Amino acid sequence: MNGLKQGDAKTYYDNGAINIESNYKDNRLHGPMTVFHENGTISGTVSHNNGKIEGSWKFYDSLGQILEERVFKDSVLIKTIDYRKKSKD
């Protein structure tokens with residue numbers, strides 16, 4: 001196409017396990033992105049809109065438990081929710 005990244009993209013760990021699944025539109029991250037731990041569980045999920053982070057970026061431990069959520073609007077951090085603190089109460 002015009003030399004710009006388009007569509008699905010994947011990166012892998014040295015052991016062959018998937019590291020990141022993402023999407024590009026005109027060389028910018030666009031749509032959902034999922035980051036994985038080396039053991040295959042999800043490490044994080046986030047969505048981009050024309051290169052900007054939009055909505056919740058969620059972080060998980062290697063067992064799949066949510067640790068933290070960061071809420072963005074146009075790549076500006078609006079708030080952070082730390083689920084580790086809530087689980088200790």
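If you're wondering where the values come from, they're calculated on a predicted model, not measured in any experiment.
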Using atom types as modelled, flag every donor-acceptor pair under 3.5 Å from a side chain in residues 34-43 to any protein atom, sequence neighbours excluded.
from  : atom 1 : to    : atom 2 : distance (Å)
His37 : NE2    : Tyr60 : O      : 2.9
His37 : NE2    : Asp61 : O      : 3.3
His37 : NE2    : Ser62 : N      : 3.4
Glu38 : OE2    : Asn15 : ND2    : 3.3
Asn39 : OD1    : Thr41 : N      : 2.9
Asn39 : OD1    : Thr41 : OG1    : 2.8
Asn39 : ND2    : Ser62 : O      : 3.0
Thr41 : OG1    : Ser62 : O      : 3.0

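- With rounding to the nearest 0.5 angstrom, the CD1 atom of Ile81 is 7.0 Å from the OG atom of Ser56.
- The line from NE2 of His30 to NE2 of His48 is 11.0 Å long, rounded to the nearest 0.5 Å.
- The shortest side-chain heavy-atom distance between Lys25 and Asn50 falls under the 4.5 Å cut-off.
- Closest of all the heavy-atom pairs between Gly51 and Ser75 is O-OG, 4.3 Å.
- Here the CZ-CG distance, from Arg28 to Leu4, works out to 9.5 Å after rounding to the nearest 0.5 Å.
- Considering every non-hydrogen atom in both Ile18 and Tyr12, the closest pair reads CA-CD2, 3.7 Å.
- Hydrophobic clustering (side-chain heavy atoms under 4.5 Å, transitive across Ile, Leu, Val, Met, Phe, Trp, Tyr) groups Leu77 together with Val46.
- Considering only heavy atoms from C-beta on, Lys10 stays 4.5 Å or farther from Ile20 through its side chain.
- In this structure the side chain of Pro32 reaches within 4.5 angstrom of the side chain of Asn23, judged on heavy atoms.
- Within the 4.5 Å cutoff, side-chain heavy atoms of Leu29 are placed close to those of Tyr24.
- Inter-residue side-chain proximity for Phe72 and Val76 is flagged as unmet; no heavy-atom pair is nearer than 4.5 Å.
- In the hydrophobic clustering of ILVMFWY residues, with side-chain heavy atoms under 4.5 Å counting as a link, Phe59 and Val71 come out apart.
- Applying the salt bridge (Lys or Arg N to Asp or Glu O under 4.0 Å) definition to pairs two or more places apart or across chains, those involving residues 66-75 are Glu54-Lys73, Glu68-Arg70, Glu68-Arg84.
- Side-chain atoms of Asn27 come within 3.5 Å of backbone atoms of Lys5 as a donor-acceptor pair (strictly under, hydrogens ignored).
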